[in-house]
Amino acid sequence: MGSNEDVMISVKPGVKGGSFMVRETAVLTNVPANITVTPVSDGSVFVGANATSSSSRHVFNLGTLQVHRLVCLFRFKIWWMIPCFGTSGGDIPAETQMLLLEVENKFYVLILPVLDGQFRTSLQGTPDNELEFCIESGDPDVQTTKINEPVFVNSGNNPFKLIRNSIKILEKHKGTFKHIDNKQKPEHIDWFGWNTWDAFYCNVDPEGIKDGLENFSKGGCPPKLLTIDEGWQNIFPSYEENPTGELSRLINLEENAKFKGSKLDKSGKNLRDFIKTIKQKYGLKYVYIWHAMAGYWGGVLPESEVMKKYNPKIQPVVQSPGNLTHVVCSTLDNIQEKGIGLIDPSKIRDFYNDFHSYQASCGVDGVKVDVQNVLELLGAGYGGRVSLTRQYLGALEDSVTETFKSNNLICSMSLNTDFLYSTKEAAAARATEDFMPNEPTFQTLHVAAAAFNSLLIGEIIVPDWDMFYSDHITAEFHGAARALSGSAVYVSDKPGSHDFDIIKKLVLPDGSILRARYAGRPARDCLFNDPVTDGKSLLKIWNLNKLSGVIGVFNCQRAGIWPPIKGSIYMPAPGSGTPISGIVSAGDVDALEEVAGESWRGHCAVYACLSGSLNTMLKDAKFQVALEHLKCEVFTVSPIRAFSEDLRFAPIGLLDMYNSGGAVEAVDSENKSSECKIKVRIRGCGRFGAYSNKKPKCCSMNEKDEDFIYNPIDGLVTLKVEGEYSSREMVFVY
């Protein structure tokens, strides 16, 4: 990073001569007279507008936007977000929730539509290249003629710092949400998990769960997190009685008949007995369970005696016009027709407390709460979508932390700004639409969308890149991506269908994972290139460990189109077709200086996980990578440290793991006149590797001498680390 990366801008953005100026450059032209600008801090502003009449929904023109490379994140479905790329206002879809511009190859401008009081904002373009913002309350009775702080604008020289600093400014100014740095992260994200969804879908039952756990244990990879997904609840119509897919509603708080009585065989009489049994037998640390934000997809059944205490009623749903311009999810068809059994917002806290208390009494440790964005459809009569979301979300967050004594919550189908800018506790949320094992055209889109969405959501929550199949044609592709994600790693394998070689590249023998420090995001030179459809660009995803960086390179081309649509034409199989080439450098790890140390001179050891090659280079040196369709490579980038005038050393980590460097905890040294000792603390076991420009005299681990191999050609030192110690120290003597 250059010295101008953090330059403070003294001239705030504003309108001058009909143009919206940022750093004395016109970003928007033909700005209407009703647009207002309010300074915030550090060169950032809010943009607002005045209307001539009162309404619950307004669309305002911000001006003409063109001749800037841009990437935006927009909701292509009510639940989910994907990126879009372009150069002008006409390329910006409705329901855009983040817009990043590259201005004349000089600096970046971030435009964030946010929440202002009871109104939620989104961006959209027009065929005339105008940039518009839309505000809506979702309640016909909540109207306004003036909006002061709906759109936040900031600029910077580093896009990642720009987004991070902007979210922190908004956190402080708005006071309605927290940055991820100020949240307690859930415990499960550092452990390997198994989710039952793609293994069984709604047919999940105790026998299937036990069968799956048994197979994982036999393969040497027992999960520490089990998520019992949809299929365990008491609903009407029930799972068995509903072959036509009628809209079901929750009728009580307990498990259904599959998890009671004789169906449990020798595992007890109910859900509590079952969970106790599998925790003891299979060493599970956490059992999470699924439910929808409103209880179930159709909410709760108002006629249920159990539910009457929560004062539910059937609430009709109203779609935002912005949502109707994109893919209307088929799951909304029945909801649109029959409405949601909505619990009175004044009673939702009681419902969550009762529901979670029952689950906790059964040994449940946390919850995955799905279908969250449905609340934006239900705001009429409740003060609007933002007000309703905040009542429900606040109650949910409080119930989880109070009941489970930890922030063990996974949010899902929640990628709207109503959620993002209202969450004060929730610290993990799904980053993409579901992994769909039977949709070949969705696989590359899933990885690309997760990386780009993490640009924004990774500053507010830990992005959850979802489950995958370890035994799948794209397993390596997904597995490598999960290692870069900075989030939880969990699969949804059917019992007996596993590739333990893939799993063992992600999971240590104790069930923990080598989780990177931040959300995995596209490299800077990938931000404005479409890695799925432009036919030429590779996707690079970067992250940091404690002492190294990691870069994943993925060929996502020719496997589908944006947005993901079922039935798209599937192009070549993995490994086929003409390879696509791209340029990689150690500097693609954007914040490598954070872990390199003050005396670092820019030299790096770069280890390729899948090919097993090691090279040394300066940070800015470039090398070419060629990948066939649906193939990838992962590079560990370890800054080379000088320990004496002629000794250079860089720990790589566990060479057979996708994120090798995640195993390195610390490096220290002892220098004496006659020798130098380099001490490396690691966790896990397997083949450990490090770069050294000289062959060590000897190596020891936990004060016991160890055999090692030194390759004088590339400087790779390797030794076998055995046992299941959580942490150990190895010493290299020179």
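To the nearest 0.5 Å, the span separating OG on S470 from CG on D499 amounts to 5.5 Å. The distance from the CG atom of L170 to the CG atom of L420 is 11.5 Å, given to the nearest 0.5 Å. Note that CD1 of I541 and OG of S454 are 8.5 Å apart. Values are rounded to the nearest 0.5 Å. Considering CD of E722 and CE of M701, their distance stands at 8.0 Å, rounded to 0.5 Å. Separating the CZ atom in F477 from the CG atom in L630 is a distance of 5.0 Å, to the nearest 0.5 Å. To the nearest 0.5 angstrom, S660 atom OG is 8.5 Å from L514 atom CG.
F649 and F732 have their aromatic ring centers within a separation under 6.0 angstrom. Checked against a 6.0 Å centroid threshold, the rings of Y490 and F468 do not count as neighbours. Here H603 and Y691 keep their ring centres 6.0 angstrom or further from each other.
Ion pairing between a basic and an acidic side chain is recognised when a charged N comes within 4.0 Å of a carboxylate O; E670 and K679 show such pairing. Between R728 and E703 there is no salt bridge, since no side-chain N of the basic residue sits under 4.0 Å from a carboxylate O of the acidic one. For E665 and R683, the salt-bridge test passes: some basic side-chain N is under 4.0 Å from an acidic carboxylate O. Residues E187 and K285 are not paired through a salt bridge, judged by the lack of any N-O separation under 4.0 Å between the basic side chain and the carboxylate. A salt bridge is absent between R482 and D466: the closest approach of a Lys/Arg side-chain nitrogen to an acidic carboxylate oxygen does not fall below 4.0 angstrom. Using a 4.0 Å cut-off between charged side-chain N and carboxylate O, K505 and E476 make a salt bridge. Salt-bridge formation is detected for the pair K279/D365: a Lys NZ or Arg NE/NH1/NH2 atom is positioned less than 4.0 Å from an Asp or Glu carboxylate oxygen.
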Taking it one step at a time, do L100 and L527 satisfy side chain to side chain contact (heavy atoms under 4.5 Å, CB included)? CA-CA 9 Å; L100 182 67; L527 289 175; 4.2 Å; yes
May I have the step-by-step check of side chain to side chain donor-acceptor pair (under 3.5 Å) for Y286 and N408, ending in yes or no? CA-CA 9 Å; Y286 310 103; N408 289 350; over 6 Å; no
Step by step, would you call S700 with D705 a side chain to side chain donor-acceptor pair (under 3.5 Å)? CA-CA 4 Å; S700 64; D705 287 346; 4.9 Å; no
Given S585 and K619, is the side chain to side chain contact (heavy atoms under 4.5 Å, CB included) satisfied, shown in steps? CA-CA 7 Å; S585 78; K619 181 191 74 169; over 6 Å; no
CA sep, side-chain torsions, deciding dist, call: H478, Y469, side chain to side chain contact (heavy atoms under 4.5 Å, CB included): CA-CA 8 Å; H478 279 286; Y469 276 168; over 6 Å; no
Checking side chain to side chain contact (heavy atoms under 4.5 Å, CB included) for the pair F192/V491: CA distance, chi angles, key distance, verdict? CA-CA 8 Å; F192 174 54; V491 297; 3.8 Å; yes
Can you list the steps and then say if K178 with E425 is a salt bridge (charged side-chain N to carboxylate O under 4.0 Å, His left out)? CA-CA 7 Å; K178 289 182 181 178; E425 301 296 337; 3.8 Å; yes
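Counting only N and O atoms by type, the side chains of K183 and T423 include a donor and acceptor under 3.5 Å apart. Using modelled atom types and a 3.5 Å distance limit, the side chains of D646 and S644 yield a donor-acceptor pair. A side-chain donor from one of N659 and N545 sits under 3.5 Å from a side-chain acceptor of the other. Judged by distance alone, the side chains of Q557 and H629 never bring a donor and an acceptor atom under 3.5 Å apart. In this model, a donor atom of one side chain and an acceptor atom of the other lie less than 3.5 Å apart for T432 and H446. Between the side chains of R681 and S727, at least one donor N or O lies within less than 3.5 Å of an accepting N or O.
Under the 3.5 Å distance criterion, the side-chain polar atoms of H498 are left unmatched by any main-chain donor or acceptor of F500. Proximity of a side-chain donor or acceptor of S487 to a complementary backbone N or O of P463 within less than 3.5 Å is detected. Using modelled atom types, one side-chain atom of N543 and one backbone atom of L484 make a donor-acceptor pair closer than 3.5 Å. Looking at N165, its side chain does come within 3.5 Å of a backbone N or O of K161 through a donor-acceptor pair. Under the 3.5 Å distance criterion, the side-chain polar atoms of T227 are left unmatched by any main-chain donor or acceptor of D229. The backbone N or O of A429 lies less than 3.5 Å from no partner atom in the side chain of D464, so there is not a single donor-acceptor pair. Using modelled atom types, no side-chain atom of N711 and backbone atom of L716 make a donor-acceptor pair closer than 3.5 Å. For the pair N555 (side chain) and E628 (backbone), a donor-acceptor distance under 3.5 Å is present. Under the 3.5 Å distance criterion, the side-chain polar atoms of N702 are matched with a main-chain donor or acceptor of E729.
When all heavy atoms of N529 and D525 are compared, the closest pair comes out as ND2-O, 3.0 Å. Of all non-hydrogen atoms in N158 and D590, the two that sit nearest each other are ND2-OD2, 2.8 Å. Smallest separation of non-hydrogen atoms from K540 and I583: NZ-O, 2.7 Å. Taking each heavy atom of D510 and W191 in turn, the nearest pair found is O-CZ3, 3.3 Å. Contact detail for L508 and C685: the closest heavy-atom pair is CD2-N, 4.4 Å. In plain terms, the two heavy atoms of N453 and A431 that are nearest each other are ND2-O, 2.9 Å.
Counting only heavy atoms from C-beta outward, the side chains of V680 and V664 approach each other to under 4.5 Å. Within the 4.5 Å cutoff, the side chain of T718 has no heavy atoms near those of the Y710 side chain. Two residues are said to be in side-chain contact when any heavy atoms from C-beta on lie closer than 4.5 Å; I228 and L226 meet this criterion. Between T444 and F554, the closest side-chain pair of non-hydrogen atoms is not below 4.5 Å. Side-chain contact between Y288 and V367: absent, with no pair of heavy atoms (C-beta onward) separated by less than 4.5 Å. The shortest side-chain heavy-atom distance between L539 and C556 falls under the 4.5 Å cut-off. Between E633 and S611 there is a side-chain heavy-atom pair separated by less than 4.5 Å. Counting heavy atoms from C-beta outward, D471 and D493 have side chains that stay 4.5 Å or more apart.
Residue D707 places its CG atom among 12 or fewer non-hydrogen atoms of other residues, nucleotides or ligands, all under 6.0 Å distant.
Put simply, the residue from Y607, W542, F623 that forms a ring-ring contact (aromatic ring centres under 6.0 Å, His included) with F635 is F623. Exactly one of K185, K224, R515 qualifies for a side-chain hydrogen bond (donor to acceptor under 3.5 Å, both in side chains) with D190. That residue is R515. A side-chain hydrogen bond (donor to acceptor under 3.5 Å, both in side chains) with N182 is found for exactly one of E171, K168, K424, namely E171.
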